[in-house]
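Working notes for the structure below.
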Amino acid sequence: MNVATPDLELGVPVAEYGTGLQVTRVHRAPDACLGGTGDFLWWHGPGPRRGRPLRVPARSAALVPDLGPVATAALLATGTPHGDGLLHRAAGSASAAAWLRDPRPQAGRLVAHSLAAAARALRALHGVPLPPGPQPLPPPGVRRLREWAAGTGPLAPAAARLRRRAREVWGEDRTELLLGWADEAVRASGPGAPVVPLHGWASTGSLVPPRSRGRVALLTGEDLGAGRRELDLGWMLGDLVELAWSSPLHRAAESAGLLSVTDLQRVFLGAYEADGSDTHGSGGGGRERGDHRPSGPVYDPVAVGRCAVLRVVTHMRDFATYCEWSDELLDYLAFTAELIDEEGRRAVPRGVS
């Protein structure tokens, strides 16, 4: 398919990057003033291997709370249709993923602040009750993962090759474990583990710190869905687990006096665990039903670890599907085998929850 080009009315282009799945273009908004609260427009559009426009699921969009009054939470910047894609407004021109490649200590502190704000926003979203009637679908990422691992749909050549090699490296037992975790992540399992609204792609790539003044934004849109809250938490933490494994900068963070990935995980989970009574927008927040009994965690840490594994495997699968084959994927297969065996425990630091 042809990838739509955003109108020139979006302002001066600042950055552009993408894959076969999604193209991202960042513009300085025409009405921007330096240091403003929404100076940049982020356009997400379909990549050349994606067969349809990006759209926000209507049933899920109606559940996203307005967190404007909650200064400590990230804004859930829900995209509006623009051409074949979605347009978001944010106060920054670079994602937290980009800031994590910056070796300066202040960059790490900015990411930590943004992760805490994202956790508060997710806590509020997860507190919005699902209305009666048909529930939103599970997020598309976990659906893509399940289809790939189970072999139930057509696969791009590189993704099919990756699946064959995964069966060799993982074996049937690990594959079945992964499929079971994917099913558990989108089904209620008792009063303490309900199905809630989900962001669906909470990650450092969708998290935008402010350039100077303004609010953190968590770009929100086509991946909205429903499932257990642990899926959103594990998705963000899996992003950090992958970073700790793949980035020389973050493997050496502690010895360099920088915030480590473990530090960032603690910040994120600590902010989510904190009493959410001041995190309320229209439709949700507070100490949600099913969150806290008299004592105990807001979430199941074992399920969070397993969902972190799902996120890393989904990224691996998407790379093979939308970026072609690379021998680096063989390293990912060995890494994900370790993660499956440990049930993603490194995603949830000791002493948290």
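Note that the structure is a prediction, hence the values are computed from the model and not measured.
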Mark yes or no for whether [X], through its side chain, and [Y], through its backbone, hold a donor-acceptor pair below 3.5 Å.
X	Y	result
D239	T204	yes
R120	T72	yes
S95	A98	yes
R28	G11	no

Original post:
Is there a donor in the side chain of Y322 and an acceptor in the side chain of Q22, or the other way round, less than 3.5 Å apart?
Top reply: no
Original post:
Going by atom types only, do W170 and T336 share a side-chain donor-acceptor pair under 3.5 Å?
Top reply: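 Yes, because at least one side-chain N or O of W170 sits under 3.5 Å from a partner of the opposite role on T336.
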**OP:** Search all heavy atoms of A119 against all heavy atoms of A271 and return the closest pair with its distance.
**Re:** CB-CB, 3.8 Å
Original post:
Do you know the tightest heavy-atom contact between G221 and L86?
Top reply: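 Distance-wise, the nearest heavy atoms are CA-CD1, 4.3 Å.
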Hey, quick one: are [X] and [Y] part of the same hydrophobic cluster, counting side-chain heavy atoms closer than 4.5 Å, chains of contacts allowed?
X	Y	result
L179	L177	no
V142	L21	no
V309	W245	yes

Original post:
L259 versus V111: any side-chain heavy-atom pair under 4.5 Å?
Top reply: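 Answer no - side chains too far apart.
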**OP:** Return each pair, listed once, that meets side chain to side chain donor-acceptor pair (under 3.5 Å) where at least one residue sits in residues 108-119; pairs must be two or more places apart or across chains.
**Re:** none
**OP:** Hey, could you give me each pair passing salt bridge (Lys or Arg N to Asp or Glu O under 4.0 Å) that has a residue in residues 126-145? Not counting sequence neighbours.
**Re:** R144-D318
Subject >> Test side chain to side chain contact (heavy atoms under 4.5 Å, CB included) applied to L87 and L10, step by step >> reply: CA-CA 10 Å; L87 197 61; L10 295 185; 3.7 Å; yes
**OP:** Return each pair, listed once, that meets ring-ring contact (aromatic ring centres under 6.0 Å, His included) where at least one residue sits in residues 182-223; pairs must be two or more places apart or across chains.
**Re:**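 Found W201-W235.
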**OP:** Output yes when R55 and E222 qualify as a salt bridge under the 4.0 Å nitrogen-oxygen rule, no when they do not.
**Re:**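 Salt bridge flag = no for E222 with R55.
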